[in-house]
Amino acid sequence: MSIDVKMIVNGKPVRRSVEPGTLLVHFIRNELGLTGTHVGCDTAQCGACSVSVDGRVIKSCSILAAQVQDCSVLTIEGVAGGEELHLLQTAFLQCHGLQCGYCTPGMIMTALDIIGENSNPSREEIAEGLDGNLCRCTGYHNIVDAIELGARMMRQGGGSV
Amino acid sequence: MYVHDFIYHRAGSVEEAVRLMGEAEEGRYLAGGQTLVQTMKQKLAMSSDVIDLGGIAELRKISAQGDTVQIGSMIRHAEVAQTPLVLERIPGLAGLAAGIGDRQVRNMGTLGGSVANSDPAADYPAAVLGLDAVVVTDSREIEAGDFFVDLYETALEEGELIVAIRFRVPMRSAYYKFRHPASSFAMVGAFVAQFPDGFRVAVTGARPTVFRWQAAEAALQAVASPEAVAQLDTDGIEDILSDMHCDETYRRRLMPVAVRRALDAMNAPDKETD
């Protein structure tokens, strides 16, 4: 029996009729075609599916779409301002904060949550904050560099999401 | 992975949730879903009806009453970690919540969900037992000492719903866990609390369910120093868990160390303990 699910995604109201067991990540990817949110492990380990719900980062493979009824969801597609990259994305580019890039959308969404909580996080706080995100390429150093730089650019440039 | 089909309900009140559960063939409450959704994906949990508690405002309150702090069952871990009232009155509980799972789990997982699930390696049960809490359900109040029964088993009756947990405010308290590096669950975790009438020590991760370690409580009561617990033996304690990450001998060894480090953290709350 399908249910009606509605939410705001990247500022736009969306409404779909889906099976009750539809995961949020499948709702985002399959129903809305926003494939920037990735499925890495599908078991809540890797964080590639991280999105923001009402301003807090969560793993979209670990919740039902129905659970975010009427909530506001931000995915990686909503982070940049049109063609212009968000400052944090620019920092990932500058610091070579990615290799294959598969984990990057989740890293960015989690980093925004870390910076949202503390605009000047230490390297230790960044590393601890990334506890739920796995990267199999970089060894994390450049990711931490990128978040540190991104936080600095956001403090100076006033870039916000 | 995909979740099997079920009938989804979004309850608007505790009364409605309990009624829906009563009417369901095989119902299940959905709190934050940080365990349940994964187990549904693995087909380990199959239910005819899922009753989502996410829309029930009365489960999302935090309040202080006398020497207690009552936290609604749908309060997320990150909220317990960051709410000024909790930080002020029971910093040991806020600290425990700040170390559960990872950032994403803390933003979604709930107090009631964790306590009802009663995972043997979960953190919250140690605080519930260590802080002499009362589990408030839709129909009654259950003392923490009577609540945790066995592996994933609690005193909750079929369909009974946790509304809130009422924690007793201690003079001081702290939690220390040997964190499993992959899952963040406790291999062994100890919650130590000091009340005017004595110490309470609750240990999680070591046995099928959380338990009070009376010998450690007595030792601290006699001499409230880290040395008092450092040499405690665990000989009288049975059913210690053993797995590939941490065998029984090692878990026994970790128990007094976890208590000592919790005590260290309690004595010097601003210092990092490791």
Side-chain angles (χ1 to χ4, degrees), chain A residues 1-5 18-26 30 39 41-71 106-107 109-114 116-118 121 124-134, chain B residues 1-12 28-55 74 76-79 81-82 98-110 113 179-185 272 274:
Chain A
M1 193 174 64
S2 291
I3 54 166
D4 204 29
V5 176
V18 296
E19 294 300 311
T22 304
L23 299 170
L24 178 59
V25 70
H26 293 145
N30 304 344
V39 180
C41 67
D42 207 5
T43 53
Q45 314 290 319
C46 81
C49 66
S50 296
V51 301
S52 167
V53 172
D54 286 344
R56 298 310 305 259
V57 69
I58 57 97
K59 291 178 181 173
S60 62
C61 81
S62 295
I63 68 170
L64 304 175
Q67 284 178 271
V68 301
Q69 182 81 292
D70 297 324
C71 293
M107 288 288 176
M109 298 314 298
T110 303
L112 287 172
D113 197 69
I114 295 169
E117 205 171 278
N118 174 3
E124 290 70 30
E125 285 163 343
I126 292 169
E128 199 282 326
L130 293 177
D131 197 22
N133 293 74
L134 298 181
Chain B
M1 277 185 280
Y2 296 87
V3 175
H4 63 88
D5 201 23
F6 55 83
I7 303 167
Y8 174 86
H9 310 269
R10 192 171 174 85
R28 201 175 273 270
Y29 292 123
L30 172 62
Q34 297 304 279
T35 298
L36 181 58
V37 172
Q38 291 301 334
T39 50
M40 285 165 75
K41 284 163 72 173
Q42 292 160 357
K43 314 287 188 279
L44 294 172
M46 306 277 277
S47 309
S48 65
D49 296 66
V50 169
I51 298 144
D52 189 348
L53 309 173
M74 283 298 287
R76 321 248 178 225
H77 310 328
E79 295 172 305
Q82 292 165 359
I100 297 175
D102 55 43
R103 172 171 289 266
Q104 291 92 325
V105 165
R106 290 192 292 274
N107 282 336
M108 199 64 207
T110 65
R179 171 193 292 264
H180 186 289
S183 71
S184 294
F185 273 99
E272 283 268 311
D274 51 21

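By convention in this document, chain letters (A, B, ...) are assigned in the order of the sequence lines, proteins followed by strands, and residues within each chain are numbered from 1.
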When the 4.5 angstrom heavy-atom criterion is applied to A:Glu19 and chain B, the contacting part is side chain
Give the member of B:Gln82, B:Gln42, B:His4 that has the highest number of heavy-atom pairs under 4.5 Å with chain A.
B:Gln82
Below 4.5 Å, heavy-atom pairs only: which of A:Asp70, A:Val68, A:Ile3, A:Ile63 has the largest tally toward chain B?
A:Ile63
Test item: A:Val53 and A:Leu24 side chains (from C-beta on) under 4.5 Å apart, heavy atoms:
yes
One option among A:Gly47, A:Cys61, A:Ser50 has the most heavy-atom pairs under 4.5 Å with chain B, and it is A:Cys61
Between A:Leu134 and chain B, which part of the residue has a heavy atom less than 4.5 Å away: side chain, backbone, both or neither?
neither
Chain A heavy atoms under 4.5 Å from B:Leu36: which part of the residue, side chain, backbone, both or neither?
neither
Among A:Asn133, A:Asp42, A:Leu130, single out the residue with the greatest number of heavy-atom pairs under 4.5 Å to chain B.
A:Asp42
Distance from A:Lys59 atom NZ to A:Cys41 atom SG, nearest 0.5 Å?
7.0 Å
Establish, from distance only, whether the side-chain atoms of B:Gln38 and A:Thr43 form a donor-acceptor pair under 3.5 Å.
no
With a 4.5 angstrom heavy-atom cut-off, is it the side chain or the backbone of B:Ser183 that approaches chain A, or both, or neither?
neither
To the nearest 0.5 Å, what is the distance between CE on B:Met40 and CG on B:Leu30?
7.0 Å
So which residue, A:Val57, A:Thr22, A:Leu64, A:Val39, ends up with the most heavy-atom pairs under 4.5 Å with chain B?
A:Val57
When you compare the side chain of A:Pro20 with that of A:Met1, does any pair of heavy atoms fall below 4.5 Å?
no
For residues A:Asp54 and A:Cys71, report the shortest heavy-atom separation together with the two atoms involved.
OD2-SG, 3.4 Å
Identify the two heavy atoms, one from A:Leu23 and one from B:Val3, that lie closest to each other, and give their separation to 0.1 Å.
CD2-CG2, 4.0 Å
Whatever's closer than 4.5 Å to a heavy atom in chain A on B:Arg106 counts as side chain
